[in-house]
There are 2 protein chains.
Amino acid sequence: MDLEKSISALNNPVRRRILEWLKDRSNFPPALPEHADLEGVCVAYIQEKAKLSQSTISNYMGLLKQAGFVVSERHGQWTFYRRDEENISAFLAAVQDELLKS
Amino acid sequence: MDLEKSISALNNPVRRRILEWLKDRSNFPPALPEHADLEGVCVAYIQEKAKLSQSTISNYMGLLKQAGFVVSERHGQWTFYRRDEENISAFLAAVQDELLKS
DNA sequence: TCCATAAATCGAAATATCTCGATATATAGC
DNA sequence: GCTATATATCGAGATATTTCGATTTATGGA
């Protein structure tokens, strides 16, 4: 739990919005039939929704991953990203701990 | 409650440490006798502890204030800063709301 | 009024972040 | 092996943040 990295990753409105979108798979187009049983969303779908370049979104997902907010799983040519709820909770606990009085 | 501004203010290790120091007045030198009944810590004491320039600390306290993490009160030539516990709690609730699923 | 002190503001250099297009890498199918 | 597609990485320009010293503003006291 690297607070520095996590807060830095959150310090961007698009990255925060991506984390929100990932709460619900139905924020994105339906998965391809062959991916029906996989969790997570591929980079291209996130890019399409965020309306930023492919390289920017790839970079953003890397930052969110390093911060522990998402995990990725590669299947063929696709990388699927999904939220890491446990780590997100751990981050919130850490921020509370740092901010709340004694 | 401007999440953008608040996260940005937190996105700096010195500013986070200042917020921690302000949890406990005894992290700083004792107040002058004529300030004994005042809450908060003057800029010079914070600067001394943070070991950054006066202008930097003044700027930082301004950012923390705009973010709602501290309030200031001027008494004579001194400005006393102290934590705004209610706003800090409100921020934590807002971050939770934004990050936590559903 | 003049001086001293505390804090805020200004202007600038160094560094970091944002965002892009181009290129590289990995994989799938022919 | 060749081609197409998905993603990652690279290099760079634009913008933002960090931090400073110098200056300005506000106040208090001789």
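Everything quoted here is computed from the prediction, not taken from an experiment. Every chain is numbered from 1, with letters handed out A, B, ... down the list of sequences.
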Taking every non-hydrogen atom, the tightest pair across [X] and [Y]:
X	Y	answer
B:Phe80	B:Cys42	CD2-N, 3.9 Å
B:Pro29	B:Glu48	CG-OE1, 4.3 Å
A:Gly40	A:Arg82	CA-CB, 3.8 Å

Protein within reach of the bases, or only the backbone? For nucleotides 3-9 of chain C, mark each nucleotide 5' to 3' as B, S or -, using heavy atoms under 4.0 Å. --BSBBB

Rounding to a whole Å, what distance do you find between [X]:[atom1] and [N]:[atom2]?
X	N	atom1	atom2	result
A:His35	D:dT7	NE2	C1'	13 Å
A:Leu64	D:dT7	CG	P	16 Å
B:Arg16	D:dT18	CZ	P	11 Å
A:Leu10	C:dC18	CG	P	12 Å
A:Tyr60	D:dA8	OH	P	15 Å
A:Leu63	C:dA16	CG	P	15 Å
A:Lys5	C:dT17	NZ	C1'	16 Å
A:His75	C:dT27	NE2	P	13 Å

Just to confirm, is there a sub-4.0 Å distance from OP1 or OP2 of C:dT17 to any side-chain nitrogen or oxygen of B:Asn11?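 Checking C:dT17 against B:Asn11, no side-chain N or O comes under 4.0 Å of OP1 or OP2.
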
Check whether B:Val71 and A:Leu99 end up in the same hydrophobic cluster, where Ile, Leu, Val, Met, Phe, Trp and Tyr are linked by side-chain heavy atoms less than 4.5 Å apart.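 Per the 4.5 Å side-chain linkage, B:Val71 and A:Leu99 are not co-clustered.
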
Passing option when B:Phe69 is tested against B:Asn87, B:Asp84, B:Leu10 for side chain to side chain contact (heavy atoms under 4.5 Å, CB included):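 So the option named by the test is B:Leu10.
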
In the structure I gave you, are the side-chain heavy atoms of A:Glu39 and A:Glu73 within less than 4.5 Å of one another anywhere?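 No, side chains not in contact.
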
